[in-house]
Amino acid sequence: MVQVRLGGREEMGRSIDGETINRAISQKIKDCFWEIEENDRIYPVIYKEYMPESVQKPCFFVRTVKVIQNKVGRNRYERSFYMEVQYHSSLEDFSVDDEERYKGLCSIGHFLMERLKEVEVYALLRGKDMAYRIEKGILHFYITYPLRGYFEESSFVKQKELELREHIKEEGNNGRWNLDRTK
């Protein structure tokens, strides 16, 4: 069982992985980018980890780039989740003018920096090392979520108890131990 420390609190048995953070980021995007159309909420299309060849635009693509774990004590670890959020705009989002499209993507990048600095994963998880770039009309937003945790002592394999037997070395037995002594 893993015991995770988040925000000074300990959460027993809760496993946090890339998919858990991926869901939290997707929920945050869903909460921030919805629109009202004919009295219904319309949420953005969000693809996770794998993007199909034909996508419905505009859309977001959220994936775990890599996870790094460092040992910081006997049973304490620091794990960093490197996440990427891509935004693929549709031609209807911005005018055909590349400068307007670029400005629109920059404003979404700044908005993501503000909204994804904290995500809810059993407690608030704070992001760091945020950056974005725009390449070929696609916004690439990067963020790292560090996490410290430790494994319970009970999860380690402990040495079994040793049985202590006393034996007496007898004289005249050529220095051998008498293991069957029943006196």
Side-chain angles (χ1 to χ4, degrees), residues 2-11 14-35 41-73 76-150:
V2 177
Q3 186 172 8
V4 178
R5 179 178 294 283
L6 291 172
R9 295 185 338 196
E10 294 179 359
E11 301 288 334
R14 303 258 174 118
S15 177
I16 297 176
D17 56 10
E19 179 56 31
T20 308
I21 296 174
N22 196 320
R23 278 193 307 264
I25 290 172
S26 297
Q27 185 61 49
K28 194 84 163 204
I29 290 171
K30 190 176 173 183
D31 292 344
C32 295
F33 285 94
W34 58 272
E35 297 175 353
R41 275 193 183 188
I42 306 298
Y43 294 101
V45 176
I46 301 172
Y47 298 99
K48 298 179 190 173
E49 295 301 330
Y50 301 102
M51 183 179 276
E53 287 183 23
S54 61
V55 296
Q56 180 183 346
K57 293 183 180 180
C59 67
F60 288 91
F61 172 56
V62 182
R63 72 184 187 106
T64 305
V65 176
K66 66 180 174 179
V67 179
I68 296 177
Q69 179 171 297
N70 294 313
K71 190 170 185 172
V72 292
R76 293 183 182 277
Y77 294 89
E78 182 174 83
R79 207 175 267 175
S80 295
F81 295 88
Y82 294 82
M83 308 298 290
E84 178 185 11
V85 177
Q86 293 179 12
Y87 176 71
H88 297 258
S89 66
S90 66
L91 294 176
E92 295 80 52
D93 280 351
F94 307 104
S95 67
V96 179
D97 183 12
D98 285 340
E99 185 176 337
E100 285 297 314
R101 184 182 183 117
Y102 181 80
K103 286 179 181 178
L105 290 173
C106 284
S107 69
I108 291 173
H110 288 295
F111 189 78
L112 288 173
M113 279 188 171
E114 188 61 34
R115 298 301 177 158
L116 296 181
K117 64 184 175 186
E118 293 180 339
V119 293
E120 184 77 25
V121 181
Y122 309 123
L124 279 182
L125 198 58
R126 289 183 174 84
K128 66 176 194 173
D129 301 330
M130 291 180 269
Y132 73 85
R133 64 183 169 86
I134 298 168
E135 188 176 288
K136 297 180 182 176
I138 300 171
L139 172 72
H140 299 267
F141 176 80
Y142 303 96
I143 188 166
T144 303
Y145 292 101
L147 175 70
R148 286 186 164 236
Y150 64 94

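The two residues I21 and Y145 come nearest to each other via the heavy atoms CG2-CD1, 3.8 Å. Nearest heavy atom pair, residue L125 against residue P146, reads CD1-O, 3.7 Å. Closest of all the heavy-atom pairs between Y77 and Q69 is CD2-NE2, 3.3 Å. Taking both residues in full, the closest heavy atoms of Y142 and R133 are given as OH-NH2, 2.9 Å, listed atom of the first, atom of the second, then distance. Pairing each heavy atom of S89 with each of P58, the nearest pair is CA-CB, 4.3 Å. Residue M113 comes nearest to Y132 through the heavy atom pair CE-CD2, 3.8 Å, listed as atom of the first residue, atom of the second, then distance.
Note: D129 CG to M83 CE = 14.5 Å, rounded to the nearest 0.5 Å. Note: R115 CZ to K117 NZ = 9.0 Å, rounded to the nearest 0.5 Å. Atom CD1 of I46 sits about 8.0 Å away from atom CD of Q27, to the nearest 0.5 Å. For the atom pair CD1 (I108) and SG (C32), the distance works out to 12.0 Å, reported to the nearest 0.5 Å. Separation of atoms OG1 (T64) and CG (D17) is listed at 8.0 Å; rounding is to 0.5 Å. Residue I68 holds its CD1 atom at 12.0 Å from CZ of R79, rounded to the nearest 0.5 Å.
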Original post:
Given R23 and K48, is the side chain to side chain contact (heavy atoms under 4.5 Å, CB included) satisfied, shown in steps?
Top reply: CA-CA 8 Å; R23 278 193 307 264; K48 298 179 190 173; 3.7 Å; yes
Original post:
Could you walk me through whether L139 and L112 pass the side chain to side chain contact (heavy atoms under 4.5 Å, CB included) check?
Top reply: CA-CA 11 Å; L139 172 72; L112 288 173; 3.9 Å; yes
Subject >> Check against side chain to side chain contact (heavy atoms under 4.5 Å, CB included), N22 and E19 >> reply: CA-CA 5 Å; N22 196 320; E19 179 56 31; 4.2 Å; yes
**OP:** Might you work through the side chain to side chain contact (heavy atoms under 4.5 Å, CB included) test for R148 and R76, ending with a clear yes or no?
**Re:** CA-CA 7 Å; R148 286 186 164 236; R76 293 183 182 277; 6.0 Å; no
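No more than 12 heavy atoms of other residues, nucleotides or ligands sit less than 6.0 Å from atom CD of Q56.
Within the 4.5 Å cutoff, no side-chain heavy atoms of F141 are placed close to those of L105. Taking the side chain as every heavy atom from C-beta outward, K28 and L116 approach each other to under 4.5 Å.
Side-chain polar atoms of R63 and Y47 form no donor-acceptor pair below 3.5 angstrom.
Using bins of under 30°, 30° to 60° and over 60° for the plane-to-plane angle, the ring pair F60/F33 lands in the tilted bin.
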